[in-house]
Amino acid sequence: MESPTAVNLEKGEMYERFDDKVAIVTGAASGLGRHILTRLGEAGGRVVAADISVEAGTLVVEGLRSAGLEAEFQPTDVRDSEQVERLVDRVVGAYGGVDILVHAAGVGVHKPVVDLSDEEWDLQVDVQLRGGFLASRSVARHMIQQRRGGRIVFIGSTAGNNARVHAGPHAASKAGLIQLARVLALELGPLEITVNVVAPGLIDTGGLSTAVPSEEYKRAFAGQVPLARLGKPDDVADAVLFVASDRAGYITGHVLYVDGGYSAGKTAVQGHHDAALYGQLDA
Ligand SMILES: NC(=O)c1ccc[n+]([C@@H]2O[C@H](COP(=O)([O-])OP(=O)(O)OC[C@H]3O[C@@H](n4cnc5c(N)ncnc54)[C@H](O)[C@@H]3O)[C@@H](O)[C@H]2O)c1
């Protein structure tokens, strides 16, 4: 493996640098994927946005290029094996390899399980879980041949571990991503390819994303967050950039929750609870 990622100490802070690293981000036309793509590009990465939304993806990449960053857009439906292979082959052909995959593509289906159609289930599971499988399989095959390690990061969700109503295919697909990451971590570890999940709580993506939760949903969610606020895109990007950097070389098969403590427990359980001490403490 190469030497650890250079860090920028000029401002007295440590920033991961990704100079000469080639990164593919799925779902990069919007929301968290877009922000992660931008942060990787700003940190010196050669970034490739892969998304089904051609217009939005093109605009995002044009914006990065006009800011002087090295970025390109590849229209890709992550559910489609051939399109994913084409994406990865094209990146490896153009840049000589691939170092980082961030799988952030996702769709929102919010319904009780009994009301879901077959198509709705398949759509969310296919974009979020099958897409993660196809993208990581393709990228890992190249990483294995390159023999210079690599980083695979799945964007999970607190729902991968904490069930929520109306989140059947979302929770199931994010739980599936966790186990897929763990299996990959075992299989790819000897080649210094790490595989981790960054699992956000509810993130206020503001104008970045077209996925907008209702005020009622945001209030209810924030009420379960010990840090008493929703997350920001940078909260997630900071975690992704860390696990994607060389500094995180000994972290694999891990789920990193970026959720203000939401996953730590239930804030709603309050009130007095008398407990018996059986005379073991002095009064
Ligand atoms: N925003 C949050 O609060 C939050 C919380 C937890 C997890 N997440 C996860 O983060 C990821 C991004 O979410 P977001 O809120 O930024 O959503 P978003 O809707 O803003 O972005 C999702 C992107 O995925 C793309 N996409 C959808 N189907 C695709 C396909 N078949 N192939 C390729 N691209 C496709 C969309 O075009 C879009 O650009 C998702 O995986 C989501 O589950 C988000």
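Start at 1 and go down the list; that is how both ligands and their atoms are numbered. This is a predicted model, so every value here is computed, not measured.
Considering backbone and side-chain N/O atoms, Val78 comes within less than 3.5 Å of an N/O atom of ligand 1. Any N or O atom pair closer than 3.5 Å counts here, and Thr205 shares no such pair with ligand 1. Below 3.5 Å of separation, one finds no N or O of Ala28 facing any N or O of ligand 1. Considering backbone and side-chain atoms alike, Val127 places every N or O at 3.5 Å or more from each N or O of ligand 1. Considering both main-chain and side-chain atoms, Leu32 comes within under 3.5 Å of ligand 1 through a nitrogen or oxygen pair.
The nearest protein atom to atom 34 (N) of ligand 1, hydrogens excluded, is given as Ile52 N, 3.3 Å; this is a heavy-atom distance. For atom 5 (C) of ligand 1, the nearest non-hydrogen atom of the protein is Gly201 O, 3.0 Å. Counting protein heavy atoms only, atom 2 (C) of ligand 1 is closest to Ile203 N, 3.8 Å. What sits closest to atom 37 (O) of ligand 1 on the protein, heavy atoms only, is Asp51 OD1, 2.6 Å. Of the protein's non-hydrogen atoms, Ser209 OG, 4.1 Å is the one closest to atom 17 (O) of ligand 1.
Against a heavy-atom cut-off of under 4.0 Å, Val107 is close to the following atoms of ligand 1: 27 (C), 28 (N).
Nearest to atom 19 (O) of ligand 1 by heavy-atom distance, out of Pro213, Ala104, Ala29, Ala211, is Ala211. Counting heavy atoms only, Gly156 comes closest to atom 8 (N) of ligand 1 of the residues Gly156, Pro75, Ala105. For atom 41 (O) of ligand 1, the nearest non-hydrogen atom from the set Gln128, His103, Lys174 belongs to Lys174. With distances taken over non-hydrogen atoms, the option nearest atom 22 (C) of ligand 1 out of Gly132, Ser30, Ser157, Gly106 is Gly106.
Protein non-hydrogen atoms do reach within 4.0 Å of atom 24 (O) of ligand 1.
His142 and Asp89 share a side-chain donor-acceptor pair at under 3.5 Å. With hydrogens and angles left out, the side-chain atoms of Arg86 and Gln83 include no donor and acceptor closer than 3.5 Å.
Between Tyr262 and Phe221, the angle of the ring planes stays under 30°, which puts this pair in the parallel group of the 30/60° scheme.
Counting heavy atoms under 4.0 Å from ligand 1, residue Asp126 does not touch it at all.
Partners of Arg79 by side-chain hydrogen bond (donor to acceptor under 3.5 Å, both in side chains), not counting sequence neighbours, listed by chain and number: Asp77.
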